[in-house]
S.K.: 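This is the structure I want to talk about, given as C-alpha coordinates.
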2 protein chains.
Amino acid sequence: MPRVVDHQQRRREIAAAVWKLAASKGLESVTMRQVAATAGVSLRQVQYYFGNRDQLLLQSLRLLNERSTESARARIEPAADSMGPKELARAILLESMPLDAQRREQLLVHIAYFVRALSDDALAAALRTPDGVDAGELELLLAGLIDEGAASGPLPAGAALKEAEMLLALAFSIGADTLAGLRTIEQALATLDHQLDRLFG
Amino acid sequence: MPRVVDHQQRRREIAAAVWKLAASKGLESVTMRQVAATAGVSLRQVQYYFGNRDQLLLQSLRLLNERSTESARARIEPAADSMGPKELARAILLESMPLDAQRREQLLVHIAYFVRALSDDALAAALRTPDGVDAGELELLLAGLIDEGAASGPLPAGAALKEAEMLLALAFSIGADTLAGLRTIEQALATLDHQLDRLFG
DNA sequence: TTCGTTACGGTACGATCGTATCCATAAGAT
DNA sequence: ATCTTATGGATACGATCGTACCGTAACGAA
(Lines give C-alpha, C1' and ligand atoms only; values in the text may rest on other atoms or scores of the structure.)
Protein backbone atom coordinates (compact mmCIF):
# COMPACT_ATOMS: atom_id res chain seq x y z
CA MET A 1 0.00 0.00 0.00
CA PRO A 2 1.81 3.12 -1.26
CA ARG A 3 1.33 6.86 -1.05
CA VAL A 4 -1.84 7.04 0.97
CA VAL A 5 -4.04 10.12 0.68
CA ASP A 6 -7.29 11.00 2.38
CA HIS A 7 -9.61 10.56 -0.57
CA GLN A 8 -12.67 11.76 1.29
CA GLN A 9 -10.96 14.99 2.21
CA ARG A 10 -9.68 15.60 -1.32
CA ARG A 11 -13.11 15.01 -2.78
CA ARG A 12 -14.68 17.42 -0.33
CA GLU A 13 -12.18 20.11 -1.28
CA ILE A 14 -12.83 19.63 -4.97
CA ALA A 15 -16.58 19.49 -4.38
CA ALA A 16 -16.34 22.79 -2.54
CA ALA A 17 -14.94 24.30 -5.70
CA VAL A 18 -17.88 22.89 -7.62
CA TRP A 19 -20.32 24.53 -5.20
CA LYS A 20 -18.52 27.84 -5.36
CA LEU A 21 -18.52 27.88 -9.14
CA ALA A 22 -22.09 26.67 -9.45
CA ALA A 23 -23.33 29.27 -6.99
CA SER A 24 -21.50 32.17 -8.57
CA LYS A 25 -21.66 31.40 -12.27
CA GLY A 26 -24.11 28.56 -12.75
CA LEU A 27 -23.77 24.83 -13.23
CA GLU A 28 -22.74 25.18 -16.85
CA SER A 29 -19.59 27.00 -15.78
CA VAL A 30 -18.62 23.97 -13.74
CA THR A 31 -16.09 22.58 -16.18
CA MET A 32 -13.36 20.16 -15.27
CA ARG A 33 -10.71 22.82 -15.78
CA GLN A 34 -12.53 25.58 -13.92
CA VAL A 35 -13.08 23.29 -10.98
CA ALA A 36 -9.43 22.33 -10.99
CA ALA A 37 -8.33 25.95 -11.09
CA THR A 38 -10.76 26.98 -8.35
CA ALA A 39 -9.74 24.13 -6.11
CA GLY A 40 -6.08 24.80 -6.81
CA VAL A 41 -5.40 21.33 -8.14
CA SER A 42 -4.54 19.97 -11.56
CA LEU A 43 -7.08 18.89 -14.14
CA ARG A 44 -5.75 15.40 -13.76
CA GLN A 45 -6.69 15.31 -10.09
CA VAL A 46 -10.28 16.19 -10.80
CA GLN A 47 -10.34 13.35 -13.28
CA TYR A 48 -8.60 11.07 -10.86
CA TYR A 49 -10.99 11.61 -7.97
CA PHE A 50 -14.26 11.89 -9.88
CA GLY A 51 -13.66 10.35 -13.29
CA ASN A 52 -16.46 11.89 -15.30
CA ARG A 53 -17.94 15.32 -15.31
CA ASP A 54 -21.29 13.66 -14.71
CA GLN A 55 -19.86 11.91 -11.69
CA LEU A 56 -18.26 15.14 -10.53
CA LEU A 57 -21.63 16.87 -10.56
CA LEU A 58 -23.49 13.97 -9.01
CA GLN A 59 -21.01 13.30 -6.22
CA SER A 60 -20.69 17.00 -5.47
CA LEU A 61 -24.43 17.18 -4.94
CA ARG A 62 -24.23 14.21 -2.59
CA LEU A 63 -21.48 15.87 -0.60
CA LEU A 64 -23.43 19.12 -0.46
CA ASN A 65 -26.49 17.35 0.89
CA GLU A 66 -24.35 15.67 3.49
CA ARG A 67 -22.96 18.98 4.64
CA SER A 68 -26.39 20.60 4.64
CA THR A 69 -28.04 18.03 6.84
CA GLU A 70 -24.99 18.01 9.08
CA SER A 71 -24.98 21.72 9.76
CA ALA A 72 -28.76 21.81 10.04
CA ARG A 73 -28.59 19.16 12.70
CA ALA A 74 -25.82 21.02 14.47
CA ARG A 75 -27.88 24.19 14.54
CA ILE A 76 -31.19 22.67 15.58
CA GLU A 77 -30.60 19.63 17.78
CA PRO A 78 -28.74 21.33 20.65
CA ALA A 79 -31.67 23.64 21.30
CA ALA A 80 -34.49 21.39 20.13
CA ASP A 81 -35.52 20.38 23.65
CA SER A 82 -36.20 23.92 24.76
CA MET A 83 -38.28 24.70 21.68
CA GLY A 84 -42.01 24.59 21.28
CA PRO A 85 -43.58 23.15 18.12
CA LYS A 86 -43.72 26.53 16.47
CA GLU A 87 -40.12 27.43 17.08
CA LEU A 88 -38.99 24.02 15.92
CA ALA A 89 -41.02 24.23 12.75
CA ARG A 90 -39.62 27.68 12.09
CA ALA A 91 -36.08 26.52 12.68
CA ILE A 92 -36.55 23.67 10.22
CA LEU A 93 -37.92 25.97 7.55
CA LEU A 94 -35.17 28.52 8.06
CA GLU A 95 -32.61 25.87 7.17
CA SER A 96 -33.59 26.18 3.54
CA MET A 97 -33.63 29.96 3.44
CA PRO A 98 -30.62 32.06 2.42
CA LEU A 99 -29.85 33.51 5.84
CA ASP A 100 -26.08 33.30 5.68
CA ALA A 101 -23.39 32.67 3.11
CA GLN A 102 -23.46 28.93 3.51
CA ARG A 103 -27.19 28.53 3.25
CA ARG A 104 -27.25 30.99 0.41
CA GLU A 105 -24.73 28.89 -1.48
CA GLN A 106 -26.60 25.72 -0.58
CA LEU A 107 -29.84 27.05 -1.94
CA LEU A 108 -28.25 28.42 -5.11
CA VAL A 109 -26.57 25.14 -5.88
CA HIS A 110 -29.63 23.12 -4.97
CA ILE A 111 -31.80 25.13 -7.32
CA ALA A 112 -29.26 24.81 -10.10
CA TYR A 113 -29.27 21.06 -9.73
CA PHE A 114 -33.04 20.97 -9.48
CA VAL A 115 -33.38 22.71 -12.82
CA ARG A 116 -30.87 20.46 -14.47
CA ALA A 117 -32.78 17.49 -13.14
CA LEU A 118 -35.81 18.69 -15.10
CA SER A 119 -34.04 17.62 -18.28
CA ASP A 120 -31.60 15.04 -16.96
CA ASP A 121 -33.17 11.78 -15.90
CA ALA A 122 -30.07 10.46 -14.17
CA LEU A 123 -29.91 13.51 -11.94
CA ALA A 124 -33.65 13.42 -11.36
CA ALA A 125 -33.36 9.88 -10.09
CA ALA A 126 -30.53 10.95 -7.81
CA LEU A 127 -32.68 13.74 -6.42
CA ARG A 128 -35.53 11.36 -5.70
CA THR A 129 -33.31 9.15 -3.55
CA PRO A 130 -31.53 11.77 -1.46
CA ASP A 131 -28.60 11.15 0.81
CA GLY A 132 -29.75 13.50 3.53
CA VAL A 133 -33.20 14.05 4.90
CA ASP A 134 -35.98 13.10 2.52
CA ALA A 135 -38.48 15.79 1.62
CA GLY A 136 -41.28 13.42 2.55
CA GLU A 137 -39.78 12.96 6.00
CA LEU A 138 -39.69 16.70 6.49
CA GLU A 139 -43.34 17.00 5.50
CA LEU A 140 -44.35 14.37 8.02
CA LEU A 141 -42.24 15.97 10.71
CA LEU A 142 -43.75 19.39 10.09
CA ALA A 143 -47.24 17.94 9.93
CA GLY A 144 -46.72 16.39 13.34
CA LEU A 145 -45.59 19.71 14.75
CA ILE A 146 -48.60 21.46 13.24
CA ASP A 147 -51.00 18.95 14.75
CA GLU A 148 -49.23 19.25 18.06
CA GLY A 149 -49.25 23.01 18.26
CA ALA A 150 -52.38 23.84 16.28
CA ALA A 151 -53.68 27.27 17.22
CA SER A 152 -57.40 26.83 16.66
CA GLY A 153 -58.08 23.37 17.98
CA PRO A 154 -57.42 20.07 16.15
CA LEU A 155 -57.30 20.14 12.37
CA PRO A 156 -59.33 17.94 10.03
CA ALA A 157 -57.57 14.75 9.02
CA GLY A 158 -54.90 15.33 6.39
CA ALA A 159 -55.05 19.09 6.75
CA ALA A 160 -51.77 19.30 8.66
CA LEU A 161 -49.96 17.45 5.91
CA LYS A 162 -51.27 19.84 3.28
CA GLU A 163 -50.20 22.78 5.41
CA ALA A 164 -46.78 21.23 5.83
CA GLU A 165 -46.47 20.87 2.06
CA MET A 166 -47.44 24.50 1.75
CA LEU A 167 -44.84 25.66 4.26
CA LEU A 168 -42.02 23.79 2.55
CA ALA A 169 -43.05 24.96 -0.89
CA LEU A 170 -43.39 28.50 0.40
CA ALA A 171 -39.96 28.50 1.99
CA PHE A 172 -38.37 27.19 -1.17
CA SER A 173 -40.10 29.65 -3.44
CA ILE A 174 -39.58 32.83 -1.45
CA GLY A 175 -36.04 31.74 -0.75
CA ALA A 176 -35.44 31.51 -4.47
CA ASP A 177 -37.10 34.89 -5.01
CA THR A 178 -34.78 36.36 -2.44
CA LEU A 179 -31.76 35.00 -4.29
CA ALA A 180 -33.03 36.55 -7.49
CA GLY A 181 -33.46 39.90 -5.80
CA LEU A 182 -37.23 39.84 -6.21
CA ARG A 183 -37.78 40.09 -2.46
CA THR A 184 -35.76 41.15 0.51
CA ILE A 185 -35.01 38.57 3.14
CA GLU A 186 -37.16 40.54 5.56
CA GLN A 187 -40.17 40.35 3.28
CA ALA A 188 -39.62 36.66 2.84
CA LEU A 189 -39.44 36.03 6.58
CA ALA A 190 -42.56 38.13 7.15
CA THR A 191 -44.48 36.09 4.59
CA LEU A 192 -43.32 32.87 6.19
CA ASP A 193 -44.05 34.04 9.72
CA HIS A 194 -47.52 35.08 8.71
CA GLN A 195 -48.32 31.48 7.89
CA LEU A 196 -46.60 30.21 11.03
CA ASP A 197 -48.60 32.64 13.15
CA ARG A 198 -51.78 31.44 11.52
CA LEU A 199 -51.04 27.77 12.06
CA PHE A 200 -49.55 28.06 15.52
CA GLY A 201 -50.60 30.63 18.07
CA MET B 1 -36.86 48.08 -50.70
CA PRO B 2 -36.24 44.48 -51.78
CA ARG B 3 -37.20 41.01 -50.63
CA VAL B 4 -39.28 41.92 -47.64
CA VAL B 5 -39.84 39.26 -44.98
CA ASP B 6 -42.04 39.28 -41.89
CA HIS B 7 -39.35 39.63 -39.27
CA GLN B 8 -41.71 39.25 -36.35
CA GLN B 9 -42.99 35.97 -37.70
CA ARG B 10 -39.49 34.64 -38.39
CA ARG B 11 -38.34 35.55 -34.92
CA ARG B 12 -41.31 33.85 -33.36
CA GLU B 13 -40.55 30.66 -35.29
CA ILE B 14 -36.93 30.68 -34.22
CA ALA B 15 -37.90 31.53 -30.64
CA ALA B 16 -40.24 28.54 -30.65
CA ALA B 17 -37.21 26.38 -31.37
CA VAL B 18 -35.45 27.96 -28.41
CA TRP B 19 -38.36 27.13 -26.12
CA LYS B 20 -38.54 23.57 -27.39
CA LEU B 21 -34.84 22.99 -26.86
CA ALA B 22 -34.75 24.72 -23.48
CA ALA B 23 -37.73 22.72 -22.25
CA SER B 24 -36.45 19.36 -23.39
CA LYS B 25 -32.71 19.61 -22.85
CA GLY B 26 -32.07 22.73 -20.79
CA LEU B 27 -30.94 26.23 -21.62
CA GLU B 28 -27.33 25.20 -22.07
CA SER B 29 -28.32 23.05 -25.04
CA VAL B 30 -29.71 26.14 -26.71
CA THR B 31 -26.79 26.73 -29.06
CA MET B 32 -26.99 28.77 -32.21
CA ARG B 33 -26.61 25.66 -34.34
CA GLN B 34 -29.08 23.54 -32.41
CA VAL B 35 -31.66 26.28 -32.63
CA ALA B 36 -31.08 26.62 -36.35
CA ALA B 37 -31.45 22.88 -36.86
CA THR B 38 -34.58 22.68 -34.71
CA ALA B 39 -36.18 25.63 -36.45
CA GLY B 40 -35.20 24.27 -39.85
CA VAL B 41 -33.22 27.32 -40.84
CA SER B 42 -29.56 28.02 -41.41
CA LEU B 43 -27.16 29.11 -38.73
CA ARG B 44 -26.80 32.38 -40.55
CA GLN B 45 -30.50 33.13 -40.18
CA VAL B 46 -30.35 32.77 -36.44
CA GLN B 47 -27.46 35.19 -36.45
CA TYR B 48 -29.25 37.48 -38.82
CA TYR B 49 -32.44 37.78 -36.82
CA PHE B 50 -30.99 37.75 -33.31
CA GLY B 51 -27.33 38.66 -33.64
CA ASN B 52 -25.94 37.33 -30.39
CA ARG B 53 -26.64 34.24 -28.42
CA ASP B 54 -27.36 36.49 -25.48
CA GLN B 55 -29.86 38.40 -27.53
CA LEU B 56 -31.35 35.16 -28.79
CA LEU B 57 -31.98 34.02 -25.24
CA LEU B 58 -33.23 37.38 -24.06
CA GLN B 59 -35.57 38.02 -26.96
CA SER B 60 -36.89 34.48 -26.84
CA LEU B 61 -37.84 35.02 -23.21
CA ARG B 62 -39.64 38.22 -24.16
CA LEU B 63 -41.56 36.43 -26.87
CA LEU B 64 -42.46 33.60 -24.50
CA ASN B 65 -43.82 36.04 -21.94
CA GLU B 66 -45.87 37.70 -24.65
CA ARG B 67 -47.38 34.40 -25.68
CA SER B 68 -48.04 33.40 -22.07
CA THR B 69 -49.96 36.51 -21.12
CA GLU B 70 -51.79 36.36 -24.41
CA SER B 71 -53.08 32.84 -23.98
CA ALA B 72 -53.78 33.42 -20.30
CA ARG B 73 -55.95 36.37 -21.20
CA ALA B 74 -57.67 34.34 -23.90
CA ARG B 75 -58.49 31.60 -21.40
CA ILE B 76 -59.65 33.80 -18.55
CA GLU B 77 -61.20 36.98 -19.86
CA PRO B 78 -64.09 35.44 -21.83
CA ALA B 79 -65.46 33.77 -18.70
CA ALA B 80 -64.26 36.26 -16.10
CA ASP B 81 -67.65 37.93 -15.74
CA SER B 82 -69.39 34.75 -14.67
CA MET B 83 -66.73 33.89 -12.11
CA GLY B 84 -66.71 34.58 -8.42
CA PRO B 85 -63.55 35.80 -6.66
CA LYS B 86 -62.50 32.28 -5.79
CA GLU B 87 -62.88 30.89 -9.28
CA LEU B 88 -61.05 33.86 -10.73
CA ALA B 89 -58.19 33.52 -8.29
CA ARG B 90 -57.97 29.83 -9.06
CA ALA B 91 -57.96 30.46 -12.79
CA ILE B 92 -55.13 32.95 -12.42
CA LEU B 93 -53.05 30.54 -10.37
CA LEU B 94 -53.67 27.67 -12.76
CA GLU B 95 -52.08 29.68 -15.54
CA SER B 96 -48.67 29.00 -14.05
CA MET B 97 -49.22 25.31 -13.43
CA PRO B 98 -48.24 22.62 -15.94
CA LEU B 99 -51.75 21.59 -16.93
CA ASP B 100 -51.14 21.13 -20.64
CA ALA B 101 -48.21 20.90 -23.02
CA GLN B 102 -47.99 24.63 -23.58
CA ARG B 103 -48.08 25.61 -19.93
CA ARG B 104 -45.70 22.80 -19.13
CA GLU B 105 -43.24 24.15 -21.66
CA GLN B 106 -43.80 27.68 -20.43
CA LEU B 107 -43.03 26.74 -16.87
CA LEU B 108 -39.98 24.67 -17.78
CA VAL B 109 -38.49 27.48 -19.82
CA HIS B 110 -39.40 30.08 -17.26
CA ILE B 111 -37.67 28.15 -14.51
CA ALA B 112 -34.61 27.62 -16.67
CA TYR B 113 -34.36 31.35 -17.25
CA PHE B 114 -34.99 32.09 -13.60
CA VAL B 115 -32.05 29.98 -12.56
CA ARG B 116 -29.77 31.49 -15.13
CA ALA B 117 -30.80 34.91 -13.87
CA LEU B 118 -29.43 33.95 -10.46
CA SER B 119 -25.94 34.23 -11.91
CA ASP B 120 -26.52 36.53 -14.86
CA ASP B 121 -27.19 40.11 -13.95
CA ALA B 122 -28.32 41.15 -17.42
CA LEU B 123 -30.99 38.46 -17.43
CA ALA B 124 -31.98 39.27 -13.87
CA ALA B 125 -32.58 42.86 -14.84
CA ALA B 126 -34.69 41.68 -17.76
CA LEU B 127 -36.74 39.50 -15.43
CA ARG B 128 -37.37 42.41 -13.10
CA THR B 129 -38.88 44.49 -15.89
CA PRO B 130 -41.14 41.94 -17.50
CA ASP B 131 -42.95 42.39 -20.79
CA GLY B 132 -46.14 40.70 -19.68
CA VAL B 133 -47.94 40.94 -16.40
CA ASP B 134 -45.74 41.97 -13.50
CA ALA B 135 -45.59 39.66 -10.52
CA GLY B 136 -46.41 42.59 -8.26
CA GLU B 137 -49.55 43.30 -10.27
CA LEU B 138 -50.65 39.72 -9.87
CA GLU B 139 -50.13 39.88 -6.12
CA LEU B 140 -52.26 42.98 -5.87
CA LEU B 141 -54.95 41.47 -8.06
CA LEU B 142 -55.06 38.32 -5.99
CA ALA B 143 -55.03 40.28 -2.75
CA GLY B 144 -58.07 42.21 -3.95
CA LEU B 145 -59.89 39.01 -4.76
CA ILE B 146 -59.04 37.57 -1.35
CA ASP B 147 -60.35 40.65 0.44
CA GLU B 148 -63.45 40.55 -1.71
CA GLY B 149 -64.29 36.93 -1.14
CA ALA B 150 -62.83 36.35 2.31
CA ALA B 151 -64.45 33.36 3.97
CA SER B 152 -64.22 34.32 7.63
CA GLY B 153 -64.99 37.99 7.63
CA PRO B 154 -62.61 40.82 6.71
CA LEU B 155 -58.89 40.19 7.12
CA PRO B 156 -56.46 42.33 9.10
CA ALA B 157 -54.75 45.00 7.04
CA GLY B 158 -51.99 43.58 4.86
CA ALA B 159 -52.97 40.00 5.50
CA ALA B 160 -54.55 39.55 2.08
CA LEU B 161 -51.32 40.62 0.39
CA LYS B 162 -49.29 38.12 2.38
CA GLU B 163 -51.77 35.41 1.50
CA ALA B 164 -51.54 36.40 -2.15
CA GLU B 165 -47.76 36.14 -2.00
CA MET B 166 -48.15 32.72 -0.47
CA LEU B 167 -50.52 31.53 -3.19
CA LEU B 168 -48.24 32.62 -6.01
CA ALA B 169 -45.18 31.14 -4.34
CA LEU B 170 -47.07 27.94 -3.67
CA ALA B 171 -48.25 27.60 -7.26
CA PHE B 172 -44.76 28.15 -8.57
CA SER B 173 -43.15 25.71 -6.20
CA ILE B 174 -45.57 22.81 -6.51
CA GLY B 175 -45.68 23.38 -10.25
CA ALA B 176 -41.93 22.96 -10.35
CA ASP B 177 -42.14 19.87 -8.17
CA THR B 178 -44.65 18.41 -10.58
CA LEU B 179 -42.29 18.96 -13.49
CA ALA B 180 -39.54 17.20 -11.57
CA GLY B 181 -41.80 14.24 -10.88
CA LEU B 182 -41.81 14.88 -7.15
CA ARG B 183 -45.59 15.29 -7.08
CA THR B 184 -48.47 14.34 -9.30
CA ILE B 185 -50.51 17.13 -10.76
CA GLU B 186 -53.47 15.92 -8.69
CA GLN B 187 -51.52 16.27 -5.45
CA ALA B 188 -50.42 19.71 -6.49
CA LEU B 189 -53.96 20.83 -7.25
CA ALA B 190 -55.20 19.40 -3.96
CA THR B 191 -52.58 21.33 -2.03
CA LEU B 192 -53.46 24.52 -3.88
CA ASP B 193 -57.21 24.01 -3.47
CA HIS B 194 -56.76 23.43 0.23
CA GLN B 195 -55.45 26.96 0.59
CA LEU B 196 -58.13 28.37 -1.69
CA ASP B 197 -60.83 26.65 0.35
CA ARG B 198 -59.36 28.11 3.48
CA LEU B 199 -59.20 31.65 2.16
CA PHE B 200 -62.49 31.65 0.29
CA GLY B 201 -65.54 29.72 1.38
C1' DT C 1 17.45 -1.37 -0.82
C1' DT C 2 14.18 -3.06 -4.11
C1' DC C 3 9.82 -3.41 -5.90
C1' DG C 4 5.05 -2.53 -6.97
C1' DT C 5 1.22 0.24 -6.50
C1' DT C 6 -0.86 4.71 -5.88
C1' DA C 7 -1.19 9.39 -7.03
C1' DC C 8 -0.79 12.86 -10.30
C1' DG C 9 1.63 16.35 -13.68
C1' DG C 10 1.57 17.23 -18.54
C1' DT C 11 -0.18 17.03 -22.88
C1' DA C 12 -2.70 15.90 -26.95
C1' DC C 13 -7.04 14.81 -29.68
C1' DG C 14 -11.42 15.43 -31.60
C1' DA C 15 -15.72 17.77 -31.04
C1' DT C 16 -18.39 21.78 -30.50
C1' DC C 17 -19.03 26.34 -29.48
C1' DG C 18 -19.88 31.69 -30.76
C1' DT C 19 -18.79 34.75 -34.07
C1' DA C 20 -17.05 36.93 -38.25
C1' DT C 21 -16.74 37.09 -43.09
C1' DC C 22 -17.20 36.32 -47.96
C1' DC C 23 -20.32 35.84 -51.44
C1' DA C 24 -24.74 34.70 -53.97
C1' DT C 25 -29.44 35.88 -54.92
C1' DA C 26 -33.94 37.74 -55.00
C1' DA C 27 -36.97 41.58 -55.61
C1' DG C 28 -38.76 46.41 -54.99
C1' DA C 29 -37.28 50.97 -56.68
C1' DT C 30 -35.79 53.84 -60.45
C1' DA D 1 -33.69 46.83 -67.52
C1' DT D 2 -30.71 47.79 -63.95
C1' DC D 3 -29.39 49.23 -59.51
C1' DT D 4 -29.67 48.62 -54.67
C1' DT D 5 -30.23 46.35 -50.58
C1' DA D 6 -32.35 42.98 -47.63
C1' DT D 7 -31.78 38.15 -47.06
C1' DG D 8 -29.19 34.19 -46.23
C1' DG D 9 -25.88 30.04 -47.68
C1' DA D 10 -21.27 28.48 -46.76
C1' DT D 11 -17.26 28.41 -44.42
C1' DA D 12 -13.44 29.55 -41.48
C1' DC D 13 -11.18 30.90 -36.95
C1' DG D 14 -9.90 30.79 -32.35
C1' DA D 15 -11.40 29.24 -27.92
C1' DT D 16 -12.91 25.82 -24.86
C1' DC D 17 -14.67 21.62 -23.77
C1' DG D 18 -14.42 16.34 -22.01
C1' DT D 19 -11.53 12.70 -22.17
C1' DA D 20 -7.61 9.66 -22.95
C1' DC D 21 -2.99 8.62 -22.39
C1' DC D 22 2.05 8.70 -21.19
C1' DG D 23 5.31 9.06 -17.89
C1' DT D 24 7.04 9.53 -13.26
C1' DA D 25 7.38 10.82 -8.40
C1' DA D 26 6.08 9.20 -3.95
C1' DC D 27 5.89 5.75 -0.57
C1' DG D 28 4.55 1.32 1.94
C1' DA D 29 5.83 -3.54 1.87
C1' DA D 30 9.42 -7.04 1.04
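In what follows, every chain begins at residue 1, and chains take the letters A, B, ... in the order their sequences are listed.
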S.K.: Check every strand shown and say whether B:Phe50 touches a base, only sugar-phosphate, or nothing at a heavy-atom separation below 4.0 Å.
M.R.: nothing
S.K.: Quick one: which of C:dG18, C:dC8, C:dT19 gets closest to the side chain of B:Thr31?
M.R.: C:dG18
S.K.: Regarding B:Arg53, tell me which of base, sugar-phosphate or nothing describes its non-hydrogen contacts under 4.0 Å with the strands shown.
M.R.: sugar-phosphate
S.K.: Look at B:Tyr49 and D:dT7 and indicate whether a side-chain polar atom (N or O) is within less than 4.0 Å of OP1 or OP2.
M.R.: no
S.K.: Determine, for A:Asp193 against A:Arg90, whether the closest basic-nitrogen to carboxylate-oxygen distance falls under 4.0 angstrom.
M.R.: yes
S.K.: Taking only N and O in the side chain of B:His7, is any of them less than 4.0 Å away from OP1 or OP2 of D:dT7?
M.R.: yes
S.K.: Anything under 30° is parallel, anything over 60° is perpendicular, the rest tilted; go ahead and classify B:His110 against B:Phe172.
M.R.: perpendicular
S.K.: So which nucleotide from C:dC8, C:dT21, C:dG10 ends up closest to the side chain of A:Tyr48?
M.R.: C:dC8
S.K.: Report yes or no: is there a donor-acceptor pair, N or O only, under 3.5 Å between the side chain of B:Arg44 and the base of C:dT21?
M.R.: yes
S.K.: Choose from D:dT11, D:dT19, D:dG8 the nucleotide whose nearest atom is closest to any side-chain atom of A:Arg33.
M.R.: D:dT19
S.K.: Is a donor-acceptor pair below 3.5 Å formed from side chain A:Gln47 to base D:dA20, judging by atom type as modelled?
M.R.: yes
S.K.: Show the nearest heavy-atom pair for residues A:Arg103 and A:Met97, with the distance to one decimal.
M.R.: CB-O, 3.4 Å
